[in-house]
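Whatever order the structure lists ligands and atoms in, that order sets their numbers, starting from 1.
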Amino acid sequence: MALREVRIYGDPILAKECKPVKEMTPRIRELIGDMFETMYELEGCGLAAPQVGILRQLCVIDTSDEEHEDQRFVLINPEIIELSGEQTGSEGCLSLPGKHGTVTRAQHVKVRALDENMEPFELEADDLLARCIQHECDHLHGHFYTEKVEGELLDNEEPEEEGEESEEGEMEE
Ligand code: ZN
C-alpha cells in the first residue's frame, strides 16, 4: 500500500462526475487499500476516489470510535435511497485542509452500494456516519461541501489535547 496525493479544492477533477466501477480488479483493490492508508494518515473519516484523482464511484469511510466500533466501509457505486431528519454540525474535507464550516444534512440515511467483493449491501446510518456518507457521495458527483456551508468557512483551531474535543468532534473527509 502507498499514500496517495490528495487533490486540493480548486482542482477541476473534484468537480467532475465519477463513473461506476464495473468490476473488481487488482488495481481497484490496491486503490482501496491506498485510500484507507491515506485517510488514516491524514486523520480523516472518509475519502472519495476523485480526491486522489480517480474518477470512479468509490469511497472509503471509517467513523469508528469507542461508542461505534465497526463503522469501516467501502462503498462502491453508492446510491442514497432514503434521507430523513436533519442535523447541523461542523464539517471539513481533506481536500481543503485547515478549514471547516457548518453544514446541515439529513440525520438518517439509507444507502445501497457494493462492497469490496462487489457484493450488494444496504447500510442505514445516523449522526456522523450519515453525514460522512452524504459528504462522500457528493464527491462522486462533483459536489463539494462548501456549496452547502452556512455562513463563513472557518479556520481550524490548533489541535487540542487528546480528549478535549467537543461532543460532536470535527469531521475531516
Ligand atoms: Zn471531502
Side-chain angles (χ1 to χ4, degrees), residues 1-21 28 31-65 68 71-80 83 86-109 111 113-114 116 123 125-157 159 165-166 168-173:
M1 292 202 291
L3 295 177
R4 303 261 178 150
E5 189 191 335
V6 174
R7 303 298 181 105
I8 300 302
Y9 183 55
D11 188 317
I13 208 159
L14 291 173
K16 291 189 174 156
E17 178 75 23
C18 295
K19 292 198 179 114
V21 175
I28 297 208
L31 171 66
I32 291 169
D34 289 354
M35 284 172 62
F36 272 116
E37 193 178 345
T38 304
M39 178 181 81
Y40 291 135
E41 173 73 20
L42 298 174
E43 298 183 346
C45 60
L47 188 66
Q51 291 183 274
V52 294
I54 309 289
L55 285 171
R56 291 287 164 185
Q57 291 181 20
L58 162 66
C59 59
V60 299
I61 288 174
D62 193 344
T63 53
S64 306
D65 58 19
H68 313 90
Q71 293 197 337
R72 183 184 193 273
F73 300 100
V74 176
L75 300 183
I76 295 173
N77 305 341
E79 190 189 344
I80 290 176
L83 290 170
E86 211 175 78
Q87 56 171 317
T88 298
S90 177
E91 199 165 313
C93 181
L94 295 177
S95 291
L96 192 50
K99 300 278 184 190
H100 66 280
T102 300
V103 179
T104 297
R105 298 214 183 248
Q107 162 63 18
H108 181 82
V109 59
V111 66
L114 303 175
E116 52 202 315
L123 172 64
D126 290 283
D127 302 320
L128 177 61
L129 179 56
R131 173 178 293 280
C132 194
I133 290 168
Q134 292 168 78
H135 178 115
E136 300 313 329
C137 287
D138 277 355
H139 274 301
L140 304 181
H141 302 287
H143 292 292
F144 206 77
Y145 83 101
T146 49
E147 296 166 28
K148 298 189 166 79
V149 166
E150 297 153 26
E152 300 282 311
L153 260 189
L154 305 169
D155 292 324
N156 291 351
E157 287 170 29
E165 290 219 345
S166 68
E168 292 177 57
E170 296 273 314
M171 192 191 76
E172 298 281 348
E173 294 172 323

Do Asp127 and Gln107 have side chains that get closer than 4.5 Å, going by heavy atoms? yes
Between Ile133 and Phe73, is there a side-chain heavy-atom distance shorter than 4.5 Å? no
Looking at Val103, is its backbone amide N or carbonyl O close enough to the side chain of Arg131 to form a donor-acceptor pair, meaning the two atoms are under 3.5 Å apart? yes
Within a reach of under 6.0 Å around CD of Glu147, are more than 12 heavy atoms found that belong to other residues, nucleotides or ligands? yes
Taking the side chain from Gln57 and the backbone from Ile76, do they hold a donor-acceptor pair closer than 3.5 Å? no
Less than 3.5 Å apart, which donor and acceptor atoms pair up between the side chains of residues 8-16 and the rest of the protein, not counting sequence neighbours?
| from | atom 1 | to | atom 2 | distance (Å) |
| --- | --- | --- | --- | --- |
| Tyr9 | OH | Thr146 | OG1 | 3.3 |
| Asp11 | OD1 | Ile13 | N | 3.0 |
| Asp11 | OD2 | Arg7 | NH1 | 3.0 |

Less than 2.8 Å from the Zn ion (ligand 1) is the window; count the protein N, O or S atoms in it. 4
